[in-house]
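Chain naming here is simple, since letters A, B, ... match the order of the sequence lines and numbering starts at 1 in each. Hydrogens, waters and symmetry mates are skipped; everything else that's a heavy atom, side chains included, is used.
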Amino acid sequence: MSSERYNPKVSEPTWQKAWDMAGSFVTSNSSSKPKYYVLEMFPYPSGRIHMGHVRNYTMGDVIARYRKACGYDVLHPMGWDAFGMPAENAAMERKVHPGKWTYDNIATMRAQLKSMGLAIDWSREFATCDPSYYGHEQRMFIEFYRAGLVERKVSVVNWDPVDQTVLANEQVIDGKGWRSGAPVEKRELAQWFLKISDFSEELLSALDTLTDWPEKVRLMQRNWIGKSEGLRFSFALEDAEGNLLDERLTVYTTRHDTIFGASFCAISADHELTRKAAEDSDLITAFRRECASLGTSEEAIERAEKKGVPLAIYARHPFDPSRKLPVFAANFVLIGYGEGAVFGCPAHDQRDLDFARKYGLDVIPVVARKGEENVEIGAVALIEKDQASVHLINSAFLNGMSVDEAKSEVARRLEEMGIGERTTNYRLRDWGVSRQRYWGCPIPFIHCPSCGVVEVPLDQLPVVLPDDVTFDKPGNPLDRNEEWKSVSCPKCSQHAQRETDTFDTFIDSSWYFARFCSPHASEPVDLDAANYWMPVDQYIGGIEHAILHLLYSRFFARAMKITGHLGIEEPFKSLFTQGMVIHETYKSSSGEWLMPSQVSREGDGWVETSSGNPVLASPAEKMSKSKRNVIDPDDIIDKYGADTARWFMLSDTPPERDIEWTEAGVLGAWRFVQRIWRIIGEVAEFDVDVTAASLRAASGHPAALALRRVTHSTIASVGEDISALRFNRAIARLYELVNAIAASLSTGENAGTAMRVTQREAVSALVQLFAPMMPHLAEECWKVLGHEGLVCEAPWPAHDPALLASDEVTIVIQVNGKKRGELTVEKGLSREALEEACLNHDSVVRSLNGMSVRKVIVVPGKLVNIVAA
RNA sequence: GCGGACGUGGCGAAACUGGUAGACGCAAGGGACUUAAAAUCCCUCGACUUCGGUCAUGCGGGUUCGACCCCCGCCGUCCGCACCA
């Protein structure tokens, strides 16, 4: 028997090398087996891997290894989402070139990932900042442009006047730039857009086909696309003296039933009418500036106090020209949605009510519950969810109608009057892809003074980022790199300039999964390879990507199909969103955050290890550098090995939930590794032959049969649980199997050959079942047990259904729905005999206590409920 | 503000389609082995109890023979909001 402890430090690199030598995870593009493409969202090379990566890639790895064992041709690749702002920030702060910073990080993180023992085909690896990747992206963008999927238009950005740069919403803090502290301005820039909004309906309705996606992600996308059936109509406008103006005000509404409750109109600060009014009003100009300081984030706009300024123009109510609705410029109306103008109905919309109260506008209730028509609106708007119980009041010809009837009637009349039309509106906006930054894919266009916007000829791709750039001045380094910028126009050969904007990095991640099918192809995607591998069968990543990345990728697949680069529209067949890794936080008595390594347990609490001072521990939250509650995967792998870390990540907590990293939990996983090693060592000594015949003979012994039943039911359930990504349940079953094997070893019944054969069968199955989770330990055990070859190449064990069947069944007996006892009976027992047996059962007689039986409910094979009174 | 999710022992959780609430693990307590410690093994482990049971799945109602599960209303926590990736 092997008395030594299992040493992952020696074993893990050995087996990683063995898999490498055997090419176990290298995938060709042709196989007679069914294909399975498993993909985890590729990492941003931030410097080092974190525990979130460990969790994400472990889950994908379990699936990849399991599917391989089940006989699939598995594609499980890895790459790097390598463009983005952190590289530029590093360049500014540490004077290191973004490219060098990025590739150095990739080297570090690749080594870290390899130490996890992932079953990845590394021959397909690429980084999105490789010109050999982004060149194809440029070509596809030009093809999208030719196909009418691209548009140039003006849009609003957050502008930092000091840093001379566009700011991301997260870089705008309280209306100020994060680095400069200068108040942020809104600025209009001509930018490139992908016309995703042309696909709103398609992207929405196809969500119904994504049945293997989490319902919540589909719902989030549905809400994001935001389809609404409404009415666009226009008001006649007049000035303060009552003179009719030439222009009309077009609004969009989904609540046209409340038209008689309208008491004002609100338009965006960026609306044409507001701009015009600002020309001769300092007040309105100031208001426009104030709105601009809110930035472009929808959240900031919605949270801000509702404010407005009157424009001294009035909208005539379409059904009662004597009613004048004052028109306000308001900070809560978004220019990009609908018409950038709304009518306000304060009684039935909280935002409108707050606004009306502030500016002393009328509040007219027009919808009320039947029988409760005398409604008083206080500080809370009346929003009735139950449409059936309400009807219209105070609304002339609409009185008494339901909300839907009133909507139809208003729409019909306004259409008849020629000033309205029913429209479907979507919240989804076109995808602005221009970024005024260096570390991104150059947008392959040239601006010519005579020809305008001109494509870079395909044979001149890729447009490569220049290396000689400096970050010592504000603004985009590409924009001041005259040598790179200056080109001759491909059409007229005049002096022209390159586009200096680069792509949003979401473009890079919108097609990488397709590139993995043929990472070295001279086309963006080799169609044969993509037709074979796509769609991704199982995609795994964080819920934070539920909307943008996944929606953009769905759009990209459609765009690539149109331009002939892909044959499918939905790139991800099944989606899984995993939870975060969280950890307790610690604060010293002086209020500084402490790292987990700086504190130690004392009694019920924590102390600072160096000083013994008490430490305040707070509940676990997302690991973050700022709160110092970060555990470095390298430290864990060094101390316990990758298998222990992997096992812990999969145990206990369901994968979609946040998992709390605890030292005690890791130790538990570590002890389990050693426990398996001891048991395998013990059983490996048994000199018995496991054959069909010896197993059949073993089944004749009750104790052996019992263990065989556990083994085979574990085989059946672990496979099911892994397929359904219920790793925590699979692991609970494995614990049960180990407990059963250990118990059989300690009772002395191991002496018989029958038992030894059964135990050998059990441990071999055990090793195969945990192999996807702890692959290194599994290889080591497999070898000790004397099996040929690698366990990662071995087929998944099959269970014997005959061993799962039983001729007895335990029935729960209830009286009035409460459990009173149980009864084990033969499977085929008749209903009458079962009822009789239950009614005579001691516990039933006792709890009936003289009551008479009214009814007996029998759930076959499960339960009998006796209803008595 | 708008949208979404989640809530079960000391802790992570399980409970398959409305049918035994708490599998499995962690922590804790007790014991064995040991000169001792570590490691390992065994036992106990929701609360109360007159030992018959009773109460328990965030709170309050409802549907049902039966509800962690379905419905209505609250409370709490977390996440997203279009240039972070």
Taking the same atom, P, in B:A36 and in B:G31, what whole-Å distance lies between them?
-> 14 Å
Side chain to side chain donor-acceptor pair (under 3.5 Å) partners of A:Asp504, counting only residues at least two apart | A:Trp431, A:Arg435
Please state the P separation for the pair B:C69 and B:U63 - nearest whole angstrom.
-> 15 Å
Base of B:G61 relative to its sugar, syn (within 90° of 0) or anti?
-> anti
Between A:Phe672 (CZ) and B:G12 (P), how many Å, whole number?
-> 22 Å
Quantified in whole Å, what is the C1' atom distance between nucleotide B:G7 and nucleotide B:G60?
-> 16 Å
At under 4.0 Å between heavy atoms, which parts of nucleotides 75-85 of chain B does protein reach? Answer with one letter per nucleotide, 5' to 3': B base, S sugar-phosphate only, - none.
-> ------BBBBB
Determine, for A:Phe355 and A:Lys306, whether the Lys NZ or Arg CZ falls below 6.0 Å from the six-membered ring centre while staying within 45 degrees of the axis.
-> no
Write down the distance between CD1 (A:Ile225) and P (B:G4), rounded to a whole number of angstrom.
-> 15 Å
Sugar-phosphate atoms are those with a prime plus P, OP1 and OP2; base atoms are the rest. Using that split, label each nucleotide of nucleotides 21-29 of chain B B, S or - for protein heavy atoms under 4.0 Å, 5' to 3'.
-> --BSSSS--
Separation between the P atoms of B:C48 and B:U35, rounded to whole Å | 40 Å
Quick one: does A:Gln171's side chain have a donor or acceptor within less than 3.5 Å of a partner on A:Gly177's backbone?
-> no
Take atom NZ in A:Lys358; do more than 12 heavy atoms of anything else shown fall under 6.0 Å from it?
-> yes
For RNA chain B, what is the dot-bracket line, given that a base pair needs Watson-Crick (N1 to N3, plus N6-O4 or O6-N4) or G-U wobble (N1-O2 and O6-N3) geometry with both distances under 3.5 Å, and | means paired with another strand?
-> (((((((..(((......[....))).(((((.......))))).(((....)))..(((((..]....))))))))))))....
Nearest whole angstrom, please: distance from the P of B:A38 to the CH2 of A:Trp670.
-> 18 Å
Residue A:Lys195 excluded, over 12 heavy atoms near NZ under 6.0 Å | yes
B:G53 and B:C41: how far apart are their P atoms, nearest whole angstrom?
-> 36 Å
Find the distance A:Arg222:CZ to B:G4:P and express it as a whole number of Å.
-> 12 Å
Protein-nucleotide distance (A:Lys862, atom NZ; B:G66, atom C1'), rounded to Å = 13 Å
The salt bridge (Lys or Arg N to Asp or Glu O under 4.0 Å) partners of A:Lys216 (sequence neighbours excluded) come to none
Give the ring-plane orientation class for A:Trp647 versus A:Tyr735, where under 30° counts as parallel, over 60° as perpendicular and anything between as tilted.
-> perpendicular
Taking the inter-plane angle between the rings of A:Phe506 and A:His545 on a 0 to 90° scale, is it parallel (under 30°), tilted (30 to 60°) or perpendicular (over 60°)?
-> perpendicular
Interatomic distance, A:Ile659 CD1 vs B:G12 P [rounded to whole Å] | 12 Å
Quantified in whole Å, what is the P atom distance between nucleotide B:U8 and nucleotide B:G4?
-> 22 Å
Check residues 809-816 of chain A and write down every donor-acceptor pair under 3.5 Å in which the side-chain atom is one partner and the other belongs to a residue at least two apart or another chain.
residue: A:Thr810; atom: OG1; partner: A:Thr824; partner atom: OG1; Å: 3.2
residue: A:Asn816; atom: OD1; partner: A:Ala868; partner atom: N; Å: 3.0
residue: A:Asn816; atom: ND2; partner: A:Ala868; partner atom: O; Å: 3.2

Atom CG of A:Asn865 to atom P of B:C65: distance rounded to whole Å?
-> 10 Å
Would you say A:Phe555 and A:Ser510 make side-chain contact, with heavy atoms under 4.5 Å?
-> no
Are A:Leu194 and A:Phe556 close enough that some pair of their side-chain heavy atoms sits under 4.5 Å apart?
-> yes
Aromatic plane relationship, A:Phe83 with A:Tyr134 - under 30° parallel, 30 to 60° tilted, over 60° perpendicular = tilted
When all nucleic acid strands are considered with a 4.0 Å heavy-atom cut-off, which category describes A:Val867: base, sugar-phosphate, or nothing?
-> sugar-phosphate
If the glycosidic angle is within 90 degrees of 0 it's syn, otherwise anti, so just tell me which one B:G52 is.
-> syn
Does CZ belonging to A:Arg222 count more than 12 external heavy atoms closer than 6.0 Å?
-> yes
Measure the distance from NZ on A:Lys818 to P on B:G19 and round it to the nearest whole Å.
-> 19 Å
Span that lies between the P atom of B:G46 and that of B:A23, in whole angstrom = 8 Å
With C1' as the reference atom in both, quote the distance from B:A14 to B:A32 in angstrom, rounded to an integer.
-> 32 Å
